[in-house]
Structure formats: structure tokens, C-alpha cells
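Written out below as C-alpha cells is the structure these notes cover.
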2 protein chains.
Amino acid sequence: MNSKAETIRNKIVSTADELFYRQGFNHTSFTDIAKAVGISRGNFYYHFKTKDDILAAVIENKKASIKQILTEWDETIPQAKDRLTQYINMIVDYQDHIVKYGCPIGTVCTELNKLKNINYNNATDMIMLFKDWITQQFILLGHDKEKAEHLSMHLLTCTQGISVIGQAFNDAAFIKREADTLKQWLESL
Amino acid sequence: MNSKAETIRNKIVSTADELFYRQGFNHTSFTDIAKAVGISRGNFYYHFKTKDDILAAVIENKKASIKQILTEWDETIPQAKDRLTQYINMIVDYQDHIVKYGCPIGTVCTELNKLKNINYNNATDMIMLFKDWITQQFILLGHDKEKAEHLSMHLLTCTQGISVIGQAFNDAAFIKREADTLKQWLESL
DNA sequence: GTCTATACGCAGATAGAC
DNA sequence: GTCTATCTGCGTATAGAC
């Protein structure tokens with residue numbers, strides 16, 4: 001595969017990612033993606049054999065992005081508590097997208113987990129990456145493993161809930177308010 | 001419309017409700033619903049003109065069910081705090097469904113809010129019914145209106161988050177644990 | 001009222017020209 | 001590699017027999 005094909009492939013993946021997030025996986029057609037990328041439907045199949053192949057590539061791409069940002073936070077933010085604050089800040093920074101389309105990870109997982117016929121329940125791996133990383137931060141803060149895992153799940157729960165309600169009510173101020181509450185909770189531990 | 005047609009219509013609505021919840025609205029076809037109800041696709045159109053008509057009926061039906069259960073709680077549970085506990089208990093009672101398909105209200109709203117082309121953002125009305133009712137309970141507990149509304153949104157946030165993570169990780173024990181935490185929070189107010 | 005037959009478009013997917 | 005043309009199936013929706 002040459003670099004041009006590589007580029008187009010990457011463009012297909014990032015475009016599909018965006019469209020799956022904004023319209024849902026099921027609701028997004030090859031035509032939608034091809035049009036957005038600027039290639040013909042036929043050309044499409046040179047890069048991916050099936051729609052499921054694209055989805056798999058999208059999920060792998062998202063997982064890689066998540067790993068990258070978590071590594072970046074590990075390397076640039078010295079204190080574990082500050083890293084967790086950064087995690088919470090993410091939903092505030094991203095609020096404009098969240099009020100429109102919800103969480104880019106949570107909503108995709110919710111949809112895919114209902115389509116039991118396809119084997120993309122590994123979409124949950126994306127959440128798992130965050131879960132394990134957050135757990136690690138709580139361990140660094142002195143909690144035992146079980147407690148840290150529970151705190152991690154609780155934090156995930158709150159951010160997902162904020163995304164669902166933030167989208168449903170299209171309310172950015174609410175996201176900001178709940179994020180602040182969450183940071184207070186973090187400080188109180 | 002005679003009583004038999006009424007019965008079939010109700011059966012279509014309840015079946016569509018179930019399938020929209022379990023498979024998603026977009027992923028559910030007329031064929032799916034007709035098969036589950038036990039009628040032909042053609043007969044289907046005697047009762048509903050379009051798929052959107054069915055969705056509208058499903059949402060109205062869900063709203064009516066929500067109003068009914070909230071009224072029942074108002075009438076049978078004397079204390080506001082106990083009524084809120086009952087609300088939290090609902091996700092525990094319903095955990096077997098939640099781990100498979102998520103929240104029957106939240107997941108449907110999440111999906112429909114992404115389909116901007118159709119005008120079913122009123123799906124959020126279903127959440128609004130809970131929001132207003134919960135707000136009222138907090139007012140009865142002595143909070144001012146703004147504070148009560150914030151507490152209501154917070155409680156909604158937690159139950160939605162629990163549903164998202166509970167489904168993603170297929171973890172009923174987690175739902176029970178977080179529900180208990182939520183009840184403790186309620187007592188601490 | 002309920003059925004069968006069918007229209008029509010768009011979905012995913014393939015073949016083969018260039 | 002990218003295109004156009006095309007296949008096949010399923011989607012929503014309609015017509016008309018019974």
C-alpha cells in the first residue's frame with residue numbers, strides 16, 4: 001500500500017468515525033461516507049471489503065487515540081489528581097459536541113451493544129481503556145485496588161450520565177455545573 | 001375503530017416499543033414488528049401510515065406509562081424521600097434489561113436525538129416527566145426551586161450513567177452497588 | 001380488516017473498464 | 001487506484017383482491 005492509499009484510508013476512517021458518532025453506525029451509509037470523503041462508492045471497496053471492516057478500523061483508530069491522549073496526560077501532568085481533573089475537564093472542553101451528539105465513545109458503545117448480531121461488543125474496550133487508566137490514578141492516590149476500581153467506575157458513570165442528560169436537554173451550562181460538582185467530589189476523597 | 005383493531009394497534013405499539021428499545025429504532029424494520037405481532041406487513045399499514053407514526057405512538061405510550069407510574073408512587077408512597085428511593089430502586093429492579101439494552105428511555109432518546117431529520121427530539125419529554133417529578137420531590141423535602149432542579153438533574157445524571165456503564169460492562173452487581181451509593185447520597189442531603 | 005402482490009428506492013457489495 | 005455500471009436484497013410504502 002502506497003502513501004496515497006494510506007492517506008485515503010485514514011481519511012475514510014476519520015470520516016466514518018465522525019459520521020458514526022453524529023448519525024449513528026446503522027444510519028450511516030457507504031454513500032454518506034464516500035460523499036464526505038470525496039470518492040466514489042466503487043473506489044471505497046478497494047480500501048474496505050465490508051461496512052463491518054470500516055467499523056473495526058474506526059474502533060481501532062479510536063482506541064489508539066485514547067491510548068495516545070492518556071499517555072500524553074501521564075507524561076505531561078505530574079500529579080494523579082490533576083490528571084483526573086483533566087479527564088473531567090475533557091467533557092467541558094468537548095461540551096459543544098456532547099450537547100449535539102452525546103459522548104463519542106458512550107453513544108457508539110450503546111448503539112453497538114444492541115446489535116448483537118455483529119461482534120463489536122469489543123467497542124466497550126474503548127471505555128475499558130479509560131477505566132483501567134482512571135483506576136491506576138486512584139491507586140496512585142493511595143486507594144487499594146478494589147476501592148480504586150469502584151471509584152473509577154463511579155467517575156465513568158458520572159461523565160457518561162452527564163453526556164446523556166447534557167445531550168437530551170441540549171444544556172451546556174448543566175455540563176459545566178456537573179463537572180464542577182465532580183471536581184469537588186474528587187477533592188473531597 | 002372497533003375493539004379488535006384497538007387491540008391490534010396496542011399490540012403493534014407495545015411490540016414496536018420493545019423492539020425499538022432492544023434493537024434501536026433505525027435497526028427495526030416493519031418486517032420485524034409485523035413478524036413479532038403476527039400480522040402481515042400489508043395489514044400493518046391499516047393501523048399506521050408511516051414508521052414515524054409508529055414512533056410517535058410509541059413515545060406517547062411511554063409518556064402515558066411514565067405518568068401512570070409516577071402518579072401511582074405519589075398515591076401509594078407517603079414520604080417524598082421514600083418516593084425518590086423507589087425511583088432509584090427501579091434501576092435495580094430492571095437491571096436484567098439494563099445490562100442488555102441500557103435504559104429504555106435514555107438509549108432511545110440518545111438515538112433519536114442524533115436523527116435530526118425527523119422531529120422526535122420530543123423524545124426528551126419522557127425524561128422531562130421524570131425531571132419535573134423528581135424536582136417536585138426535592139421541593140417537598142425543603143429545597144428551593146433552583147436547588148431542587150439541580151438535584152433532580154443530578155439524580156437523572158447518575159441513573160443514566162449507571163445504565164450506560166451497566167450495559168457497556170454487562171455488570172448487574174455494579175448497578176446494585178451504584179444504586180446503594182445513590183441512596184446514601186439521598187440520605188445525606 | 002386482513003391478506004397477497006408489487007412498486008420503488010437505497011442499502012451493501014461486485015465486475016470490469018480505464 | 002479510481003471510476004462507472006450493475007447485481008441483489010431489503011427497506012418503506014401502495015394497490016387491490018378477498
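Order of the sequence lines sets the chain letters (A, B, ...), proteins ahead of strands, with each chain counted from 1. Given the structure is predicted, the values throughout are model-derived calculations rather than measurements. FYI, side chains are in, hydrogens and waters are out, and symmetry mates aren't considered; it's all heavy atoms of this structure.
- A straight line from CD1 of I54(B) to C1' of dG11(D) spans 13 Å, rounded to a whole angstrom.
- Whole-Å rounding puts the H47(A) NE2 to dT14(C) P distance at 16 Å.
- Annotation: of the two residues near DNA chain C, I8(B) and N26(A), the 5′-most nearest-nucleotide partner is I8(B).
- For T31(A) and dC10(C), the shortest distance from a side-chain N or O to OP1 or OP2 is not below 4.0 Å.
- Y45(B) places its OH atom 7 Å from the P atom of dT14(D), with the value rounded to the nearest Å.
- Although no hydrogens or angles enter the test, the distance criterion places no donor-acceptor pair under 3.5 Å between the side chain of D180(A) and the main chain of R177(A).
- Nearest to the side-chain atoms of R41(B) among the listed nucleotides dT2(D), dA13(C), dA13(D) stands dA13(D).
- Rounded to an integer number of Å, the gap from F25(A) CZ to dA11(C) P is 14 Å.
- Using a 4.0 Å cut-off, some side-chain N or O of N43(B) falls inside it from OP1 or OP2 of dC3(C).
- Remark: H27(B) is not in phosphate contact with dG11(D), judged by side-chain N or O atoms under 4.0 Å from OP1 or OP2.
- Here dG12(C) presents its P atom at 5 Å from CZ of F30(A), a figure rounded to the nearest Å.
- Candidate nucleotides dC3(D), dG1(C), dA13(C) were compared by shortest atom distance to the side chain of I39(A), and dC3(D) ranks first.
- At dT2(D), none of the side-chain N or O atoms of S40(A) fall inside 4.0 Å of OP1 or OP2 (strictly under the cut-off).
- Taking side-chain N and O atoms only, S29(B) has a distance below 4.0 Å to OP1 or OP2 of dG11(D).
- Computed from coordinates, the F44(A) CZ to dT6(D) P distance equals 22 Å when rounded to whole Å.
- We find that OH of Y46(B) is positioned 6 Å from C1' of dG1(C), with the value rounded to whole Å.
- Using the six-membered ring where Trp is involved, F25(A) and F20(A) have ring planes that are perpendicular, over 60° apart on the 30 and 60° scheme.
- Following rounding to the nearest Å, I12(A) (CD1) and dG12(C) (P) show an atom-to-atom distance of 14 Å.
- The pair K131(B)-E149(B) counts as a salt bridge, with a side-chain nitrogen and a carboxylate oxygen less than 4.0 angstrom apart.
- Counting only distance, with no hydrogens or angles, the side chain of S163(B) and the backbone of G102(B) share no donor-acceptor pair below 3.5 Å.
- Under the 3.5 Å distance criterion, the side-chain polar atoms of N122(B) are left unmatched by any main-chain donor or acceptor of D125(B).
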